[in-house]
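Beneath this line is the structure, given in structure tokens, with notes to follow.
For reference, positions follow the sequence shown, starting with 1.
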Amino acid sequence: MRTRTLRDLTVSAQGLGCMGMSDFYGSRDEDEALRTIHRALELGVTFLDTADMYGPNTFGRLVGRAIAGRRDDVVVATKFGNERREDGSFVGINGRPEYVHSACDASLQRLGVDVIDLYYQHRVDTTVPIEDTWGAMAELVQAGKVRHTGISEAAPETIRRAHAVTPLSAVQTEYSLWARDPEDDGVLATCAELGIGFVAYSPLGRGFLSGQIRTPEDIPVGDYRRSDPRFQGEAFERNLGLVERVREIAEEKGATAGQLALAWVMAQSGRDGNPELVPIPGTKRVSYLEENAAAADLALTDDDLRRMDEAAPAGAAVGDRYADMSSVHR
């Protein structure tokens, strides 16, 4: 696996998103999650992305177990800001400086590490000036508890204000063939201008672009995607057409639809003035991890990229990314 640099942080060119291993995509299997993380490290996928809301809180301990004895081989990214109670209920978005400190200390303990490689503000708390939240982030860096900082789902002006307090290494936002908002809303351009890396979460459209989901019934009971607008009714059927177009091109390349969709995201790094870009596809199974990792070796020509842009142009997906969009792009 090659590497890429997010401003001043070197990571594997493809990361592993750990959200799907926790409590959002139906049932979970901790043993398989451990095997998946271990296999990722074997394949050179050493950029692990988690958050304290996954579990909630419990998943950090599993990541800690997975990397025990291999700390120097791994770049650990985690997040704060989506506050949940131990019973899983949501408290809300919290960007208060005192919470930033307490959340960091708790994550360090759960992960079993002395320092977090990349610490994100998961969502922006509009009730707290971003300068206050990021003042606390700067204090964590100064204290040696955090090496690099990032922000997730933030608008360009918010990114600029946070970056002015302490330099960001990464901005994380959903980005894929069916979520091309960062191209149009100024986020990619802002990152490129400021020299900030970009981390693409859900680069497979929450599994939809893999081609494995053919009907709404393919989504497990208890899976949050059952309430996702893009997986509902007419939107589902129209979005399925997008996947079919990608699948046709993938078959010509001897790849799966998911591999082609992921290779497209990876090919956007540095393309047309974009910043350095790293996708973090999530999975909870070794077989899918191996399929995703192989996408890093799938070479796309300019003609391939042109055809994919035509098959899935910006705005092609039907439906909002979330049932409630109020907490994103603030």
Side-chain angles (χ1 to χ4, degrees), residues 1-22 30-51 54 59-60 62-79 111-113 115-120 147-148 150 169-170 172 175-176 197-204 207 209-210 250 253-271 274-300:
M1 183 63 66
R2 296 181 298 277
T3 61
R4 290 180 176 169
T5 302
L6 305 173
R7 193 174 73 90
D8 51 359
L9 173 63
T10 300
V11 300
S12 52
Q14 185 182 127
L16 174 62
C18 296
M19 176 179 168
M21 301 178 189
S22 60
E30 289 196 357
D31 290 337
E32 182 66 7
L34 284 170
R35 285 191 291 269
T36 300
I37 295 173
H38 289 156
R39 182 60 176 146
L41 301 184
E42 290 173 0
L43 293 172
V45 180
T46 55
F47 182 30
L48 305 181
D49 184 275
T50 186
Y54 302 163
F59 198 75
L62 187 142
V63 173
R65 286 167 52 199
I67 67 174
R70 302 195 59 175
R71 179 65 183 95
D72 293 340
D73 301 329
V74 181
V75 174
V76 178
T78 190
K79 316 177 195 73
L111 289 164
V113 299
V115 60
I116 295 168
D117 296 310
L118 176 57
Y119 199 39
Y120 289 100
R147 289 194 174 109
H148 305 271
S169 293
Q172 183 176 138
Y175 185 53
S176 70
F198 183 88
V199 175
Y201 78 82
S202 294
L204 294 175
L209 295 170
S210 71
K253 302 286 293 183
T256 66
Q259 286 174 327
L260 187 65
L262 189 51
W264 178 88
V265 174
M266 298 187 76
Q268 304 313 303
S269 186
R271 184 188 182 200
N274 283 341
E276 197 89 341
L277 187 154
V278 175
I280 51 169
T283 184
K284 54 185 177 181
R285 294 185 178 88
V286 170
S287 59
Y288 291 152
L289 167 81
E290 292 173 340
E291 178 181 326
N292 292 343
D297 297 321
L298 184 59
L300 300 183

Beyond-backbone contact of Leu204 with Asn292, side-chain heavy atoms, under 4.5 angstrom: yes

N/O donor-acceptor pair under 3.5 Å between Glu291 side chain and Ser287 backbone: no

With sequence neighbours excluded, tell me which residues meet side-chain hydrogen bond (donor to acceptor under 3.5 Å, both in side chains) with Asp49. Lys79, Gln172

Any side-chain heavy atom of Leu118 within less than 4.5 Å of one from Tyr120? yes

May I ask you to decide if Glu32's main-chain N or O and Arg285's side chain share a donor-acceptor pair within less than 3.5 Å? no

What orientation do Trp264 and Tyr175 show, parallel under 30°, tilted 30 to 60°, or perpendicular over 60°? tilted

Would you find a donor on one side and an acceptor on the other, under 3.5 Å apart, between the side chain of Gln14 and the backbone of Val45? no

Calculate, to the nearest 0.5 Å, the distance between atoms NZ and SG belonging to Lys284 and Cys18 respectively. 13.0 Å

Beyond-backbone contact of Asp117 with Arg71, side-chain heavy atoms, under 4.5 angstrom: yes

Looking at side-chain heavy atoms only, is the closest gap between His38 and Arg35 below 4.5 Å? no

Say whether, by atom type as modelled, one donor and one acceptor occur between the side chain of Arg2 and the main chain of Ala296 under 3.5 angstrom. yes

Below 4.5 Å, heavy atoms only, C-beta onward: do Leu298 and Met266 meet side chain to side chain? no

Considering only heavy atoms from C-beta outward, does the side chain of Leu48 approach that of Ile37 to under 4.5 Å? yes

Whether the side chain of Ser169 engages the backbone of Asp8 through a donor-acceptor N/O pair (distance < 3.5 Å, no angle test) should be reported. no

Using side-chain heavy atoms (C-beta onward) and a distance below 4.5 Å, is Thr78 in contact with Val63? no

